[in-house]
Amino acid sequence: MRQDHCADCHGTPHHPSRDAIAGGTLTATITGLASPTGLAITPDGSRVYAALSGSNEIAEIDAATLAVTRRIDLSAYPSPTNLSLDGDRLWVGYGVKGSCVGGVLSLDLSAAASAPVQVADRMYGAPLVAGAGTTVATGASGLSPSNLRVHDVSTTPATLRGIINGSANGLWDLNDLTITPDGAHAITVFPGSGLDVWDTTTLAKVRTYGSRSEYPGAPRSVARSADGAHTSPPPSAASPRKVPGWRLRMITLLLTTTSTTASSVRRSWYGRLSASRAR
């Protein structure tokens, strides 16, 4: 049964620029990957998963040797782009920019031959996705207003728990999305606000951190610590600021495309976050 009916496509698409990540030391590159986009890293840092939108695959990479240890074929799901990892379950947002053929699927990484399982379809572009426990949150980037969909994945097929309406809540152009380890709360980044925290059961907004007026430039992305206790919203390059009361340390993983057919993953880790209270 189709759970998404491309209602998001009633919004107005636009394509904000992404800030470049600077700093770090390049130690090695991995070549032969066709347009790597989204990344996911295991909590112990031993494996990296890269969405290869150019070849419609997921690449599993040994972080120590930089060898590609597995490729998962997603030829039936065009342009895999955004990833979210929860244990042995990898959630993939796929789709072609400007079209309504996108969706979300899951992969069981513990299986020798992992078969894609559809979670949502008929979405705009490649939706952002965040999954934990029995909950998956997803939303289209580049639309205004932006709806946020919450799915219950405790059964197959998944069921749509509900939709957080972008128009009713003043949500314009979803920039990024993450979820707490228990799946109880989704955390979104919208240009017009700070970090919004949503209850994934009631679909109500329970908290907002910061705002455009407090932090001019607005956050573009969000990462959470492994225990779910802290998040890091990097400010925009136009207005770099520190979050009051916190020291933030990030290790970065930078992707660069070197040609139309092959690209390199540059080994400076991004997304593995630690945060500590400033004294």
Practice prompt. To the nearest 0.5 angstrom, please state how far the CZ atom of F190 sits from the CG atom of L148.
Written response: 6.5 Å
Worksheet entry | Reported OH-to-CG distance for the pair Y124 and L143, which is rounded to 0.5 angstrom | 5.5 Å
Discussion item. Test your reading of the model: is there a side-chain donor-acceptor pair from T37 to the backbone of A51, 3.5 Å cut-off?
Written reply: yes
Worksheet item: Can you find a heavy atom in the side chain of T135 that is under 4.5 Å from one in the side chain of R161?
Response: yes
Worksheet item: Does the Q118 side chain pair with the main chain of A120, one donor and one acceptor, at a distance under 3.5 Å?
Response: yes
Discussion item. Under a plain distance cut-off of 3.5 Å, with no hydrogens placed, do D62 and T69 share a side-chain donor-acceptor pair?
Written reply: no
Worksheet item: So, S110 versus R89: side-chain donor-acceptor pair below 3.5 Å or not?
Response: no
Worksheet item: So does E60 pair up with R71, basic N to acidic O under 4.0 Å?
Response: no
Worksheet entry | W172 versus S146, side-chain donor and acceptor atoms under 3.5 Å | no
Practice prompt. Using atom types as modelled and distance alone, determine if a side-chain donor or acceptor of T138 lies under 3.5 Å from a backbone N or O of L128.
Written response: yes
Discussion item. Please say yes or no: joined through hydrophobic side-chain contacts below 4.5 Å, possibly via intermediate residues, are L83 and L105 part of one cluster?
Written reply: yes
Worksheet item: With no hydrogens and no angle check, is any side-chain donor or acceptor of D152 less than 3.5 Å from a backbone partner on S154?
Response: yes
Item to complete: Mind checking the CG-OG spacing from L33 to S53? Nearest 0.5 Å is all I need.
Response: 11.0 Å
